[in-house]
Amino acid sequence: MTELVIAPPAALAARATIAHHSKSFALASRLLDARTRDHAAVVYAFCRRADDAVDDVPRAAAGAALATLERELADIYAGAPIDPVLAAFAEVVRARAIPRRYPAELLAGMAMDATGTRYTTLAELHAYCFRVAGVVGLMMCHVFGVRDDAALVPAARLGVAMQLTNICRDVAEDWARDRLYLPDELLARHGAGGLAGELHRPLPASTQPAIAATVRELLALADLHYRAAEPGLPALPWRAALAVRAARSVYAAIGDRVCAVDCDVTAGRAVVPRATKLALVAGAALRTVCSLPRLRAPRIPTTTLEARDVPLA
């Protein structure tokens, strides 16, 4: 395992990014050793940079933003980045042998957002979730190391589960930004076919029951992915397993809170209180101690996954 120490300015900037954008991931990252925490934060900062580059510009400018991201990715893998955030990510890419396919898939997911992709089927939504979140789990496997490449599919499934949770939590917020991730086939099944045609208008009150039923179905699918991710955790180093299990528990609790208001997407953003988060971390610690075997030393994965390798359910 290559030892890489991130320069303090870049490490502090990456930690600040994760602290600002995700309290759940920031809490989980504190369970890692300092070096691994910095590597994980650098990967998160790169992903956040890509997300913000598309989200923070008008749709008309998104194409140019994506072209810039593609050039930056080429520079990263050519060893010629200029920006400090990109330089730090390039160092992690080299030290942890992160395949280019993973950040390239991430950018492909950003392109789907930039072009306002509509999701007709659940399979199309699954492909999006793999691109914007499943590959993050796979990159983290390179950061942490795994004892067995069989852990890669569970890692990707955990990313998919978390993204489905995000989608269900943020339906109203996304609608306000003229985005709808709920698949047409599920909406139609519950009586809200053609909802995408109402974008750019207030969310129709008459569709709330159908939206709630669709959200409930997607959260049930997320739960399947959360459960399928569990067998991969013992393949991680114990501190990484603890951090990932803690993040998984907090994200699953977000879905529980959405369900607690009958999946009413207008009820406000679902938030897990800090006291509950700490209790979930304690539970994660207990399960990690009880379940983690002492087997082969972790190593960098040698397998590269694609979306078709990750089950839909």
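Keep in mind that this is a model prediction, so the values were computed, not measured.
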Should [X] and [Y] count as an ion pair when the cut-off is N to O under 4.0 Å?
X    : Y    : value
D52  : R48  : yes
D178 : R59  : no
D170 : R179 : no
R299 : D149 : yes
R201 : E198 : yes
R118 : E124 : no

Of all heavy-atom pairs between [X] and [Y], which one has the smallest distance, and what is that distance?
X    : Y    : value
L195 : P204 : CD1-CD, 4.0 Å
V143 : A40  : CG1-N, 3.9 Å
G159 : A133 : O-CB, 3.2 Å
L186 : L218 : CD1-CD2, 3.7 Å
M139 : C47  : CE-SG, 3.9 Å
Y44  : I18  : CE2-CA, 3.6 Å

### Task
Kindly determine whether L280 and L278 satisfy side-chain contact (heavy atoms from CB on, under 4.5 Å), including the steps that lead there.
CA-CA 5 Å; L280 291 170; L278 293 177; over 6 Å; no
Look up atom [atom1] in [X] and atom [atom2] in [Y], then write down how far apart they are to the nearest 0.5 Å.
X    : Y    : atom1 : atom2 : answer
I6   : F89  : CD1   : CZ    : 11.0 Å
L138 : D309 : CG    : CG    : 9.5 Å
L86  : L69  : CG    : CG    : 9.0 Å
L122 : D184 : CG    : CG    : 11.5 Å
L236 : C141 : CG    : SG    : 6.0 Å
M112 : L125 : CE    : CG    : 8.5 Å

State, with a plain yes or no, whether a side-chain heavy atom of [X] is found less than 4.5 Å away from one of [Y].
X    : Y    : answer
R157 : P311 : yes
V265 : Q208 : yes
C168 : I254 : no
L242 : L233 : no
T120 : P183 : no
V153 : L305 : yes
E72  : D83  : no

Say whether [X] and [Y], considering side chains only, have a donor N or O and an acceptor N or O under 3.5 Å apart.
X    : Y    : answer
T165 : Y226 : yes
D113 : Y128 : yes
E217 : H190 : yes
R245 : T288 : yes
T214 : R189 : no
D256 : Y251 : no
S24  : S22  : no

Determine whether a donor-acceptor pair (N or O, by modelled atom type, separation under 3.5 Å) exists between the side chain of [X] and the backbone of [Y].
X    : Y    : answer
H20  : R15  : no
D174 : V171 : no
T276 : V272 : no
T207 : A210 : no
D33  : R35  : yes
R239 : L32  : yes
Q163 : F130 : no
H21  : A45  : no
R257 : V271 : yes

### Query
Angle class for the H142/Y102 ring planes (parallel below 30°, perpendicular above 60°, tilted otherwise)?
perpendicular
### Message
If you apply the rule side-chain contact (heavy atoms from CB on, under 4.5 Å), what do you find for R248 with E230, and how did you get there?
### Response
CA-CA 9 Å; R248 174 238 181 272; E230 284 288 332; 2.8 Å; yes
### Message
So for atom CZ, which belongs to R177, do other residues, nucleotides or ligands contribute more than 12 heavy atoms lying within a distance under 6.0 Å?
### Response
yes
